[in-house]
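Atoms within a ligand are numbered from 1 in the order they appear, just like the ligands themselves.
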Amino acid sequence: MAEKSKGEYMGRELAEGPDAVTRTIREAVDQVKAAASLLKELEANGVKRGYVIGSGTSFHASLFLQHLFSKYTDFHLAAVPASEFTEWRPAKGKYFIIGYSQSGESSDIVEAFNVARTMGVKTIAITNTFGSTLSRISDAAIVTRAGEEKAVAATKTFDVQLAAALALVYTLTGKVFSEIERASEAAREVLAKKNLLREVAERYVKAEHAFSLGRGAGYPIALEAALKLKEAAMVHAEGFAVREFLHGPLQLVDEGTPVFLFAPSRASFEASIKALERIAGYKAPIILVGPKASEFKDYASYSLEVTGAGEDANVIPLVKVAQVFAFYISVLKGLDPDKPTKLSKVVKY
Ligand code: AGP
């Protein structure tokens with residue numbers, strides 16, 4: 001059998017994301033409805049407080065779900081890393097848990113769900129694996145339809161986690177899914193521009209440090225972009241909420257430190273202008289990603305247009321830019337993003 005080439009899995013899987021998103025919202029619709037019914041039942045019984053937990057990429061999806069719940073529902077949902085849940089859960093009162101795990105097997109989240117079960121807490125799992133432990137021990141399960149993911153770095157499974165968040169909140173609030181379909185199309189358009197992203201990656205392949213910033217729905221994407229650069233491309237990258245960056249990390253920028261801004265809307269760029277001015281003042285190369293990015297090109301070394309969906313669903317094409325960029329940095333460095341040397345696909349230890 002021919003040996004697999006470096007990055008073969010990650011390259012293929014990130015390109016499968018748009019199809020995985022449309023498949024998920026079409027095929028998992030009944031599971032999404034069942035999860036929404038359980039939440040409505042809890043709400044009717046006075047349980048409006050919940051926690052959404054996950055690890056790594058799945059924690060970033062959790063943050064996005066918290067953002068959507070705060071923006072559109074009356075629930076109070078807090079995102080907590082799965083491994084920290086037992087330390088942060090409330091001592092009193094009723095609550096529910098939503099758990100994100102693509103494998104459905106990470107020990108941190110399985111343990112948190114097991115503890116919750118013994119206490120009679122209702123649980124909803126969002127996983128990419130049929131029959132996984134998490135889906136079996138939960139009261140309701142949404143199984144996303146990305147198919148098996150072999151690369152250690154999650155790409156298409158994050159896309160579907162975002163889609164599941166949107167689908168759940170749209171179902172709770174009576175909205176149709178057309179925006180998610182548009183987002184998947186917009187992610188396809190990002191993939192069609194991959195040569196341009198490769199050129200940007202060539203320019204920054206030597207950078208040892210990088211930052212990624214985002215605001216609102218763009219914040220979890222900024223965190224995810226930094227994680228992809230770390231695990232796939234061995235770049236020391238950190239993600240921050242845009243204006244949090246001014247409260248300390250700004251000290252570290254210089255002309256060799258690329259700074260990405262992931263903006264899900266034009267308004268998000270506008271709200272970031274003062275921060276961009278400060279960062280540009282220290283000659284850091286700025287890469288803007290989002291709709292209408294070119295209107296703000298005076299602040300940036302690159303402005304990468306992402307179009308197609310509304311502010312919330314735009315996270316799907318935004319993160320595609322981050323995934324493709326990390327992939328190219330990795331392969332240009334001669335690394336294998338499919339198998340970072342110190343990581344395993346599922347953390348069970
Ligand atoms: C993702 O790129 C990482 N490899 C990692 O952070 C992963 O998301 C995390 O270990 C959680 O895995 P799970 O979703 O299978 O629980």
Which protein non-hydrogen atom lies closest to atom 14 (O) of ligand 1, naming both residue and atom, and how far is it? S58 OG, 2.6 Å
For the backbone of A233 and the side chain of K228, can you confirm whether one donor and one acceptor N or O come within less than 3.5 Å of each other? no
Protein heavy-atom partner closest to atom 12 (O) of ligand 1 - residue, atom, separation in Å: S106 OG, 3.5 Å
Give the residue, atom name and distance (to 0.1 Å) of the protein heavy atom nearest atom 9 (C) of ligand 1. S55 O, 3.5 Å
What do we get for E105 next to ligand 1 when only non-hydrogen atoms under 4.0 Å count, side chain, backbone, both or neither? neither
Considering only protein heavy atoms, which is closest to atom 10 (O) of ligand 1, and at what distance to one decimal place? V347 CG2, 4.2 Å
Once you measure the plane-to-plane angle for F325 and Y204, does it fall in the parallel (<30°), tilted (30-60°) or perpendicular (>60°) bin? tilted
For atom 1 (C) of ligand 1, what's the nearest protein heavy atom and its distance? T57 OG1, 3.1 Å
Under 3.5 Å between any N/O of K228 and any N/O of ligand 1: does that happen in this structure? yes
Would Y100 count as a polar contact of ligand 1, with the cut-off being nitrogen or oxygen pairs under 3.5 Å? no
Is it true that V152 lies under 4.0 Å from ligand 1, counting heavy atoms only? yes
Any side-chain donor paired with an acceptor under 3.5 Å for T157 and E149? yes
Under 4.0 Å from one or more heavy atoms of G56, ligand 1 contributes atoms 6 (O)
